[in-house]
Protein chains: 2
Amino acid sequence: MNSLAEENYLKALFTLAAKNNGEVSVNDLSRHLDIKMPTVNSMMKKLTTKKLVYYESYKPLKLTEKGKKEAALIIRKHRLTEMYLVEKMNFGWEQVHEIAEQIEHIKSPEFFAKMDELLGYPQIDPHGSPIPDKNGKMIWKEYKKLSECTKGSLVKIAAVINTSNDFLKFLNEKEIHLGLKMKIKSIEPFDKSVIVSYPKHASETLSPTVSERLLVEKV
Amino acid sequence: MNSLAEENYLKALFTLAAKNNGEVSVNDLSRHLDIKMPTVNSMMKKLTTKKLVYYESYKPLKLTEKGKKEAALIIRKHRLTEMYLVEKMNFGWEQVHEIAEQIEHIKSPEFFAKMDELLGYPQIDPHGSPIPDKNGKMIWKEYKKLSECTKGSLVKIAAVINTSNDFLKFLNEKEIHLGLKMKIKSIEPFDKSVIVSYPKHASETLSPTVSERLLVEKV
DNA sequence: CTAATATGTTAGATTTATCTAACAATTATA
DNA sequence: TATAATTGTTAGATAAATCTAACATATTAG
């Protein structure tokens, strides 16, 4: 079992690696965690003996497969918690990060399995970030909300957040489905409505309520 | 801010003190926490310098007012968590203790305030144990479920668990209210129904569903 | 009331996670 | 390319929470 400190190093390695094609420097980690380099250095030796990190002096740090899996499971707990707090406890997104930073270290598979169940086994969180499954596997895309895209871009619908029946019915009526490609014609400056076009629909206006719930990828 | 270890000592002191009129020995604590006496001894010195415990060599340990308050707040978090897990996440009572032991250490007043709100500000948990309020104040009785009482005993209704409208309506119809005194005439051996008598009701049969939700005190 | 037993204390060691100071290797730059 | 700047490592110190061994005080029993 990993300590709280070890878990934080694993998580940091995982997220930093995502930005730097799998390689992380001691200095990056040190700054990211606000922990001095010698401390990071010795923790890396420790994680190496635990086969979680692959480390050679003066070379970049890499997570082993085991390390990646354990990190993904912590991130899973973090994202499930955030989503649970927002969806089931009515917190605002800006409030949940700090709480999730603590709850992600709770040791209880049942607790997170229950959250997962109550949330309907989501694969993507409402920021468009993937939620690893209980084996640490995840979709390797980071999606963007339609509401965050810029005028002129061509995007593909990748996922939908908070699939209430009413929302799904709405999408059906508008003939919006996964994989659909659409072009952003313009964005209404006043209320941030997004005006899009796609096959059989030369111009549709999507309110922020809708564009916040559609996750897309650039094409 | 207290460390996780310190919080566990405070909680243990509080619960042990409840059984021994406020005084706890180093040995009791040591056995209860499964931590060796010298460790407990030095932690008590530390908590004394933090004004949480009053300690003199070879004398029993006592929590200060400050210590009692901080302990009560941890117990509040524990009991709210247990209740939340059962009522809102469909856990069984036997599953929640371990999870609550971890969640009680989460630092986030907002998180527990939200649980409290979603549970309707309960003052007593479904075991009949009081839940301290956010100032650490609590009702100083431990109630028993009616279902746990024995034949012949005279009891007073002290609290009601899980106050659904249907249940309150039922109690109204039967003229059962807080403060009502009733005698337990007998207990049906087969299904554990409780047969009671009280003013204007010479004999009422209460099913386990009901007797599990009525908390009483002996008179 | 003494001796045996139980309880409590002190001293010093260990582990984990952190730090600072000093030194070494690598990378960037003049 | 030589040197300066950055990055990484080693050595040793510190604080928290635990332990064991040895000793001291209290309590209980004969």
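We name chains A, B, ... by the order of the sequence lines, and we start the count at 1 in each one.
- Whole-Å rounding puts the B:E56 CD to D:dA26 P distance at 12 Å.
- Of the residues in residues 2-34 of chain B, those placing a heavy atom less than 4.0 Å from an atom of DNA chain C are B:S25, B:V26, B:N27, in numerical order.
- Taking the side chain of A:S42 as heavy atoms from C-beta on, and the options C:dT18, D:dA17, D:dC19, the nearest nucleotide is C:dT18.
- Nearest to the side chain of A:M37, among D:dC19, C:dT9, D:dT9, sits D:dT9.
- The OH atom of B:Y55 sits 10 Å away from the P atom of C:dG8 (whole-angstrom rounding).
- Of all nucleotides listed (D:dA24, C:dT10, C:dA17), C:dT10 comes nearest to the side chain of B:K45.
- Here D:dA17 is the nucleotide among C:dA11, D:dT9, D:dA17 with the atom lying nearest to any side-chain atom of B:K46.
- A close approach under 4.0 Å does not occur between any side-chain nitrogen or oxygen of B:Y58 and OP1 or OP2 of C:dA6.
- Computed from coordinates, the A:L61 CG to D:dT7 C1' distance equals 12 Å when rounded to whole Å.
- Figure legend: cation-pi geometry between B:K45 and B:Y55 absent, as NZ or CZ is not positioned both under 6.0 Å from the six-membered ring centre and within 45° of its axis.
- Whole-Å rounding puts the B:M44 CE to D:dT18 C1' distance at 14 Å.
- When each of D:dT18, C:dT18, C:dA25 is scored by its nearest atom to the side-chain atoms of B:I35, the top-ranked nucleotide is D:dT18.
- Judged by distance alone, the side chains of A:S25 and A:N27 never bring a donor and an acceptor atom under 3.5 Å apart.
- In this model, the phosphate group of D:dA17 is not approached by any side-chain N or O of B:T39 to a distance below 4.0 Å at OP1 or OP2.
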Verdict with reasoning, B:I103 to B:Y84, per side chain to side chain contact (heavy atoms under 4.5 Å, CB included): CA-CA 11 Å; B:I103 295 197; B:Y84 185 90; over 6 Å; no

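- Dashed line: the shortest gap from a side-chain N or O of A:S57 to OP1 or OP2 of D:dT9 is under 4.0 Å.
- The residues B:E6 and B:K46 are annotated as salt-bridged, a charged nitrogen and a carboxylate oxygen being separated by less than 4.0 angstrom.
- Distance NZ (A:K59) to P (D:dT9): 11 Å, rounded to an integer number of Å.
- Considering only the side chain of B:N41, C:dT9 comes nearest among C:dT9, C:dT18, D:dT18.
- Under a cut-off of 6.0 angstrom, the local environment of CD in B:E23 is crowded, with over 12 non-hydrogen atoms contributed by other residues, nucleotides or ligands.
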Salt bridge (Lys or Arg N to Asp or Glu O under 4.0 Å) between A:K107 and B:E98, worked out: CA-CA 9 Å; A:K107 262 65 177 182; B:E98 255 192 300; over 6 Å; no

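- A salt bridge does not link B:E70 to B:K50: none of the charged side-chain nitrogens sits closer than 4.0 Å to a carboxylate oxygen.
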